[in-house]
Amino acid sequence: MWRSLQGDLPADQKIAEEKELLARIDRSRLPLHIAIIMDGNGRWAQRRGLPRTFGHRAGVESLREIVKLCVELKIKYLTVYAFSTENWKRPREEVNTLMSLLIEYLQKEIDELCANNIRINPIGRLEDLPASAQEAVRMAREKSRQNKGLTLNVALNYGSRSELAAAVRAIAKRVRDGGLNPADIDEKVISDHLYTAGQPDPDLLIRPSGDYRVSNFLLWQLAYTEFWFTPVLWPDFRRVHLLQAIVDFQSRERRFGGLL
Ligand code: IPE
Ligand code: IPE
Ligand code: MG
């Protein structure tokens, strides 16, 4: 009421749009696994004349909101790309801010994440993270280990090629040690050596910010994933955008190479 008296229609329209989208979603055909490349933080800040790091801070708010919606929708797996193996190329100050934000997020949010039955599963070359980040990651994993609701895979120092190289090394070692016959190396053996072992492949990949690429994210796991792109920058990404992506996902025909 107050809002409409102020003439603040967009907020009301947003609520109406969210309601309408929620009503359109078929709860029996939700994606089991959603993956998101949280991109566009730097541009968001630059467009406001702010340092890029402000965009990363704003992006954490989007993550909070989207995790909450996934819990409400009872999505089983959410994988978010937070830091790639290539992101070390950025200025040291930006990398330090990203690490600090990660630590802050995990420390501040862990109790609420646990209260929502979320299991935090950090994935990537975690051993190459700074010690303080490794400690935060270990704490979050441990505290949430028993949770059975949403599994939140946080991709940190993650690169899909690095993941595949690590899988090949582990498989080669098993062969060398006599535990595995090369003839038995099939797709399942490879999947079982990835960070996402035991999880279904993503049904839906979302990349905000208007770039149309996968940037070394889940190359193996995305084989039959549906892609959804939006020009919206990650710090502006809200519940309505995830709902739009899910509605669009539900309108697609997935054939997996077969016929319907
Ligand atoms: C995504 O936003 C966050 C990380 C890569 C860590 P960017 O920082 O890539 O933002 P843009 O793409 O430069 O706008
Ligand atoms: C991908 O975004 C990595 C993350 C969002 C963490 P980038 O901004 O690093 O990717 P490119 O450089 O645009 O491909
Ligand atoms: Mg980017």
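Residues: numbered from 1 along the sequence shown. Model, not experiment: these values are computed from the prediction.
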With a 4.0 Å cut-off, would you call [X] and [Y] a salt bridge?
{"X": "Arg145", "Y": "Glu142", "answer": "yes"}
{"X": "Glu86", "Y": "Arg161", "answer": "no"}
{"X": "Asp186", "Y": "Lys188", "answer": "no"}
{"X": "Arg47", "Y": "Asp236", "answer": "no"}
{"X": "Glu17", "Y": "Arg238", "answer": "no"}
{"X": "Lys14", "Y": "Glu18", "answer": "no"}
{"X": "Lys68", "Y": "Glu65", "answer": "no"}

Worksheet item: Taking everything shown except Glu187 itself, do over 12 heavy atoms lie less than 6.0 Å from its CD?
Response: no

Worksheet item: More than 12 foreign heavy atoms under 6.0 Å from CD of Glu135: is that the case here?
Response: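 Above 12, so yes.
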
Judged by atom type as modelled, is there a donor-acceptor pair below 3.5 Å linking the side chain of [X] to the main-chain atoms of [Y]?
{"X": "Tyr77", "Y": "Thr196", "answer": "no"}
{"X": "Trp44", "Y": "Gly55", "answer": "no"}
{"X": "Asp192", "Y": "Ala197", "answer": "no"}
{"X": "Glu163", "Y": "Leu194", "answer": "no"}
{"X": "Lys76", "Y": "Lys74", "answer": "no"}
{"X": "Arg255", "Y": "Leu260", "answer": "no"}
{"X": "Asn116", "Y": "Ile118", "answer": "no"}
{"X": "Asn157", "Y": "Gly124", "answer": "no"}

Fill in: Polar contact flag, side-chain donor to acceptor under 3.5 angstrom, Ser191-Trp220
yes

